[in-house]
Amino acid sequence: MENLVPIGRFSKMTRLSVKALRHYDVTEGFGAIMAAVGKLGARPAGPPLLVMHDVIDEESDGDIELCLPVAEPFPGEGEVHAADLPGGT
């Protein structure tokens with residue numbers, strides 16, 4: 001199996017309840033990410049993605065993260081954070 005290398009990403013994390021998740025509009029979050037990418041001159045390296053870090057149900061809230069892979073590392077911008085998306089095997 002091929003080893004995958006980490007890739008940089010811009011992301012915006014949000015904590016939501018199941019009720020809020022039903023009405024969450026990802027376009028605002030991805031808009032903030034794209035504005036940061038444009039301002040910093042970053043180059044997207046793949047399609048946008050949504051990562052659900054927790055189970056979100058009637059009993060518990062959870063974190064979701066909107067992400068855009070980028071070709072090179074860049075600093076974050078406002079509420080948009082820069083980090084590595086881990087590789088794997």
Side-chain angles (χ1 to χ4, degrees):
M1 188 175 276
E2 181 181 344
N3 285 331
L4 303 175
V5 297
I7 188 165
R9 74 175 190 266
F10 281 108
S11 67
K12 184 174 185 301
M13 185 84 78
T14 304
R15 186 155 191 88
L16 298 171
S17 66
V18 71
K19 183 178 179 180
L21 181 61
R22 290 183 188 122
H23 304 286
Y24 183 67
D25 182 5
V26 299
T27 58
E28 181 182 325
F30 281 125
I33 292 171
M34 293 307 293
V37 166
K39 182 176 181 180
L40 297 170
R43 189 168 45 95
L49 57 123
L50 184 146
V51 178
M52 297 186 79
H53 291 277
D54 305 300
V55 172
I56 302 173
D57 58 21
E58 296 296 335
E59 287 96 37
S60 60
D61 298 350
D63 292 326
I64 67 164
E65 182 179 14
L66 304 177
C67 302
L68 180 68
V70 291
E72 298 92 20
F74 280 88
E77 173 71 24
E79 63 183 331
V80 176
H81 303 281
D84 283 337
L85 195 61
T89 56

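All heavy atoms count here, side chains included; hydrogens, waters and symmetry mates do not.
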Over all heavy atoms of both residues, which pair between [X] and [Y] is shortest? Give the atoms and the distance, please.
{"X": "L40", "Y": "G76", "result": "CD1-O, 4.3 Å"}
{"X": "L68", "Y": "G46", "result": "CD1-O, 3.6 Å"}
{"X": "I56", "Y": "L16", "result": "CG2-O, 3.8 Å"}
{"X": "Y24", "Y": "I64", "result": "CE2-CD1, 3.5 Å"}
{"X": "P69", "Y": "P47", "result": "CD-O, 3.3 Å"}

Within the structure provided, determine whether [X] and [Y] are in side-chain contact (heavy-atom separation under 4.5 Å).
{"X": "E28", "Y": "T14", "answer": "no"}
{"X": "H53", "Y": "E65", "answer": "yes"}
{"X": "I33", "Y": "P48", "answer": "no"}

**Study point:** Chi angles and distances behind the side-chain contact (heavy atoms from CB on, under 4.5 Å) call for V51, C67
**Key:** CA-CA 8 Å; V51 178; C67 302; 4.1 Å; yes
Practice item. Quick one: pull up OG in S17 and CG in D57 and give me the separation to the nearest 0.5 Å. Key: 10.5 Å
Exercise for review: Determine whether M13 and V80 fall in the same hydrophobic cluster, where Ile, Leu, Val, Met, Phe, Trp and Tyr are linked whenever their side-chain heavy atoms lie under 4.5 Å apart.
Suggested key: no
Check your understanding: Who pairs with K39 by side-chain hydrogen bond (donor to acceptor under 3.5 Å, both in side chains), at least two apart in sequence or on another chain?
Key -> E77
